[in-house]
Number of protein chains: 2
Amino acid sequence: MARAGLTAERVTVAGADLADEVGLDQVTMSEVARRLGVKDASLYTHVRNVEDLRGRIALLAADEKTVRIAEATAGLAGKDALVAYANAWREFAHEHPGRYMATQVPIRIDPELAAKATGPRRAVELTYSMLRAYGLAEPDLTDAVRVLRSTFHGFVALEAAGGFAHARTPQQTWARTLDALHVLLEHWPEGESV
Amino acid sequence: MARAGLTAERVTVAGADLADEVGLDQVTMSEVARRLGVKDASLYTHVRNVEDLRGRIALLAADEKTVRIAEATAGLAGKDALVAYANAWREFAHEHPGRYMATQVPIRIDPELAAKATGPRRAVELTYSMLRAYGLAEPDLTDAVRVLRSTFHGFVALEAAGGFAHARTPQQTWARTLDALHVLLEHWPEGESV
DNA sequence: GCTCGTTTCCGAGAGGCCCTAGGATATGCC
DNA sequence: GGCATATCCTAGGGCCTCTCGGAAACGAGC
């Protein structure tokens with residue numbers, strides 16, 4: 001019998017695709033093996049266990065999302081960059097719900113593996129450079145980065161969970177949210193808070 | 001043999017407590033049964049299946065969170081109400097991580113059951129009434145509600161996922177975030193966006 | 001207090017998923 | 001071609017989900 005030519009990479013991609021189709025919690029070793037035309041035991045040569053697989057999917061997704069945002073914001077600044085950044089984030093979440101969830105769910109990731117991944121680190125750096133045009137200094141800069149990331153993530157998470165009634169479309173709110181965040185960054189409160 | 005006196009309610013509470021202790025995805029029929037001193041088969045009289053149990057946990061958690069916020073904001077207005085609301089939200093998420101996650105994870109909830117639950121509906125109403133002091137009119141009001149809920153949820157989710165490095169404590173960023181949101185509500189952008 | 005219908009709980013068991021151990025075979029290198 | 005290594009599979013144990021049918025407790029009415 002010919003070998004299937006599995007690698008950790010291929011197993012991870014198959015798992016990520018499965019997650020996008022049926023949900024991250026439905027990603028099982030058995031199903032991934034079936035999709036790859038292989039017995040489940042064969043996967044353990046490339047991936048430690050299910051937890052490890054999910055961690056790899058999370059790192060893969062973080063990389064892909066970062067690349068997507070980087071491409072979208074290349075050469076832009078100010079509000080243009082903010083809007084491009086935010087839209088790329090949201091579109092990634094819509095197109096890859098399973099991958100996206102993997103980036104957010106609290107997952108124990110193999111530290112050795114995480115050290116090699118550049119996605120999460122670059123993502124934060126991207127946000128910093130996008131904010132440069134607003135002229136914020138530390139520690140406000142860090143806080144602003146966190147507010148943006150919180151709002152973007154919170155929005156798509158609530159959207160995915162069906163948290164928005166149908167009266168006003170998410171798209172309308174989304175556009176206004178970006179306006180509001182832009183205004184917020186220009187009027188960032190001075191001084192330390194209580 | 002005496003009966004155990006199970007009800008759907010008791011099973012749900014046991015599941016919610018378990019979720020807070022070991023994580024929502026570790027909530028199994030077997031473990032809940034063990035905690036209740038009962039065989040797993042006995043649970044199926046009160047709960048349709050695991051999915052149904054998780055849905056009930058979500059509704060229970062939504063109710064509890066709403067009550068918590070309602071108590072915290074009673075009699076307050078303006079920024080005081082905003083801060084009390086936000087802190088109650090975050091504290092609930094910290095103290096009941098499993099319950100909180102149940103409210104956010106996309107779960108198929110039995111429509112019949114959801115119709116009886118008042119939590120999610122009241123939660124949104126609470127946010128509206130808290131925003132009254134800022135004098136926003138529709139549709140800005142709806143958008144503002146969604147921005148606040150997105151930011152609160154996104155913040156605690158990123159916090160839970162370990163998304164904040166150690167340089168600046170989440171608490172510091174949290175306080176500044178509330179300042180920023182307060183300023184944002186007072187300078188809510190006029191007119192429709194592109 | 002007895003009977004009878006209803007509800008609750010359990011034993012047994014099928015099927016699926018996770019993971020390990022050890023064996024068989026394909027592959028790459030000499 | 002022969003050998004060392006890595007890949008893949010068979011077999012199997014353990015835990016979880018869920019169903020079915022039976023037994024026992026409960027409640028109502030007499």
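Note that the structure is a prediction, hence the values are computed from the model and not measured. Numbers restart at 1 for each chain; the letters A, B, ... are given by sequence-line order, proteins then strands.
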Under 4.0 Å between a Lys/Arg side-chain N and an Asp/Glu carboxylate O for [X] and [Y]?
X: B/R122; Y: B/D63; value: no
X: B/E31; Y: B/R34; value: yes
X: A/R35; Y: A/D17; value: no
X: B/E64; Y: B/R68; value: no

Looking only at the side chain of A/R3 (C-beta and beyond, no hydrogens), which of the listed nucleotides C/dG11, C/dA26, D/dA25 gets closest? C/dA26
Using a strict heavy-atom distance below 4.0 Å, which residues from residues 6-25 of chain B are in contact with DNA chain D? none
Would one find a side-chain N or O of B/R34 under 4.0 angstrom from OP1 or OP2 of D/dC16? yes
Determine: side-chain N/O of A/H46 to OP1/OP2 of D/dA6, distance under 4.0 Å, yes or no. no
Tell me whether the centres of the aromatic rings in A/F164 and A/F155 are closer together than 6.0 Å. yes
Close aromatic pair by centroid cut-off 6.0 Å: A/Y100 and A/H153: yes
Filter on salt bridge (charged side-chain N to carboxylate O under 4.0 Å, His left out), then keep only pairs touching residues 146-166 of chain A, sequence neighbours left out; what's left? A/R90-A/E159
List every contact pair, protein side and nucleotides 17-19 of chain D side both N or O, where the distance is under 3.5 Å.
unit_1	atom_1	unit_2	atom_2	d
D/dT17	OP1	B/M29	N	3.0
D/dT17	OP2	B/M29	N	3.0
D/dT17	OP2	B/S30	N	2.9
D/dT17	OP2	B/S30	OG	2.9
D/dC18	OP2	B/Y44	OH	3.3
D/dC18	OP2	B/V50	N	3.0

Side chain to side chain contact (heavy atoms under 4.5 Å, CB included) with A/L53: of A/L43, A/T28, A/V11, only one passes, and it is A/V11
For B/L43 and C/dT7, what is the distance between atoms CG and P respectively, to the nearest whole Å? 19 Å
